[in-house]
Amino acid sequence: MIHIPSLKKNDTVGILSTARKISIVEIQPAIALLKTWGFQVKIGKSIGLEDHQFAGNDKERTADFQKMLDDPEIKAIWCARGGYGTVRIIDKLDFSNFDRNPKWIIGYSDVTVLHSQLNVLRAESIHGQIAHNIDQKSKATRETLKNILFGKPVSYEIPYSPKNKTGTCEGKLVGGNLSILYSLLGSSSAISTRKKILFLEDLDEYLYHVDRMMQNLKRNGLFENLSGLIIGGMSDMNDNQIPFGKTAEEIIWETVEEYDFPVCFGFPAGHVHDNQAMVFGRDISMEVTSEKTIIHYKS
């Protein structure tokens with residue numbers, strides 16, 4: 001596994017966008033936050049570029065990411081925005097030197113494309129808030145990200161959910177946005193879930209499509225040898241005129257009911273106010289009881 005070195009004060013963090021366009025004004029709070037943490041900040045050329053909804057065209061976004069990826073002075077790349085677009089550049093990126101110059105890649109939602117590619121390369125990454133709107137999220141959103149970057153211990157205690165399935169498990173944490181993981185199935189970026197703990201979150205999907213995606217993950221065997229499942233925010237879901245009849249959480253529970261791995265609902269991550277950071281690719285332990293869920297990173 002490629003372990004990413006912890007950052008130190010005066011290290012440089014780059015901010016860019018692999019997907020939707022964003023202005024320099026919109027990331028000023030993120031820049032200010034990084035500086036209060038003692039970091040230098042480098043702004044990518046994709047910030048401020050526009051190609052319809054994208055932060056520049058595919059060639060421009062690819063070049064921006066590749067330059068930061070190859071720059072040994074940049075110790076972390078913070079994706080500024082999600083939306084859609086990362087999958088359009090993933091096959092143009094060259095990660096061949098990543099093991100010699102590893103760095104944190106930070107983001108969620110559409111950034112799941114990068115998390116998945118790094119998982120295939122056996123490298124860690126940070127599933128956490130994008131630079132956009134970091135100032136509007138919870139204190140824990142910022143503190144968990146800061147602690148991970150500086151190599152400090154992070155653990156989680158999640159209140160009980162009646163949909164939980166109790167039990168204990170260990171394994172590497174993988175996953176991200178359900179829609180993105182679904183879209184990557186069959187590609188060279190598709191993740192392996194064998195003996196791992198899978199995290200899922202999503203936003204603004206129709207309930208019947210949540211069911212379609214979960215059935216597809218199931219038919220592709222992602223739950224067959226899974227060690228555990230963590231469900232984050234399933235936010236702002238939509239329904240048809242004829243109701244589907246189940247919530248997103250109920251759809252997920254029904255899909256995995258037959259398996260014996262533990263399941264935690266209500267993890268504070270995803271398209272929610274309390275979007276706490278997690279390290280993908282790192283071993284964790286999870287204990288789901290009738291009172292709470294406790295998750296620790298293993299040293």
Side-chain angles (χ1 to χ4, degrees), residues 4 7 13-22 26-27 29-31 33-34 37 39 41-44 46-47 53-56 61-62 64-66 68-69 74-90 93 95 98 102-121 123-138 141-142 144-149 154 173-181 183-184 189 191 199-203 232-233 235 267-282:
I4 313 300
L7 272 63
V13 177
I15 302 179
L16 50 66
S17 181
T18 58
R20 187 168 292 173
K21 63 185 179 182
I22 189 168
E26 291 175 286
I27 61 168
I31 295 170
L33 181 67
L34 290 174
W37 292 349
F39 297 133
V41 181
K42 189 166 187 178
I43 305 301
S46 56
I47 303 300
Q53 67 172 297
F54 298 122
R61 299 196 319 282
T62 301
D64 197 24
F65 192 91
Q66 191 69 56
M68 285 200 181
L69 195 67
I74 293 178
K75 305 303 181 182
I77 299 174
W78 196 3
C79 294
R81 201 161 200 175
Y84 170 73
T86 309
V87 72
R88 295 176 59 93
I89 70 172
I90 191 64
L93 296 172
F95 287 89
F98 190 78
K103 59 190 68 181
W104 287 117
I105 309 298
I106 309 162
Y108 79 116
S109 193
D110 193 63
V111 184
T112 298
V113 175
L114 293 170
H115 292 311
S116 297
Q117 186 65 42
L118 290 166
N119 182 255
V120 171
L121 298 173
E124 297 176 335
S125 60
I126 298 177
H127 182 279
Q129 176 64 24
I130 52 178
H132 186 235
N133 286 338
I134 185 67
D135 57 318
Q136 298 177 28
K137 297 293 181 174
S138 70
T141 298
R142 296 182 288 274
T144 49
L145 176 58
K146 179 183 178 182
N147 287 340
I148 290 171
L149 288 173
V154 176
L173 182 62
V174 298
N177 181 267
L178 172 59
S179 299
I180 301 298
L181 295 171
S183 72
L184 295 175
S189 302
I191 62 172
F199 168 80
L200 298 174
E201 65 85 26
D202 218 325
L203 168 77
S235 308
F267 188 91
H271 294 80
V272 291
H273 174 68
D274 190 17
N275 184 16
Q276 297 190 30
M278 301 179 287
V279 181
F280 281 173
R282 187 169 293 180

Measure from the side-chain N and O atoms of [X] to the backbone N and O of [Y], and report whether any donor-acceptor pair falls under 3.5 Å.
X      : Y      : result
Arg142 : Leu33  : no
Ser116 : Ile191 : no
Thr112 : Asn177 : yes
Gln276 : Pro268 : no
Arg81  : Lys21  : yes
Lys103 : Met68  : yes
Ser17  : Ser46  : no
Asn147 : Val154 : no
Trp78  : Gln129 : yes

Do [X] and [Y] touch side chain to side chain, with heavy atoms closer than 4.5 Å?
X      : Y      : value
Ile89  : Val113 : no
Leu184 : Val87  : yes
Phe95  : Val120 : no
Thr141 : Asp274 : yes
Val279 : Leu173 : no
Val13  : Trp104 : no
Leu34  : Ile15  : yes

Testing the basics here: between [X] and [Y], what is the closest heavy-atom pair and its distance to 0.1 Å?
X      : Y      : result
Asn275 : Ala269 : OD1-CA, 3.5 Å
Ile134 : Pro29  : CG2-C, 4.3 Å
Ala131 : Ile27  : CB-CG2, 4.4 Å

Spatial distance of atom [atom1] ([X]) from atom [atom2] ([Y]) [nearest 0.5 Å]:
X      : Y      : atom1 : atom2 : result
Leu178 : Glu201 : CG    : CD    : 8.5 Å
Leu69  : Leu16  : CG    : CG    : 10.0 Å
Thr18  : Phe54  : OG1   : CZ    : 10.5 Å
Arg282 : Ile126 : CZ    : CD1   : 8.5 Å
Ile90  : Leu114 : CD1   : CG    : 5.0 Å
Asn119 : Glu124 : CG    : CD    : 11.0 Å

task = Please lay out, stage by stage, how Ile105 and Phe65 fare under the test side-chain contact (heavy atoms from CB on, under 4.5 Å).
result = CA-CA 10 Å; Ile105 309 298; Phe65 192 91; 3.9 Å; yes
inquiry  = Is the distance from the ring center of His115 to that of Tyr108 below 6.0 Å?
reply    =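 No - the distance between ring centres of His115 and Tyr108 does not fall below the 6.0 Å cut-off.
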query = So Phe199 and Phe267, would you call those rings parallel, tilted or perpendicular, with 30° and 60° as cut-offs?
reply = perpendicular
key: Geometric class of the Phe280/His127 ring pair [parallel <30°, tilted 30-60°, perpendicular >60°]   =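 Answer is tilted, since the angle falls between 30° and 60°.
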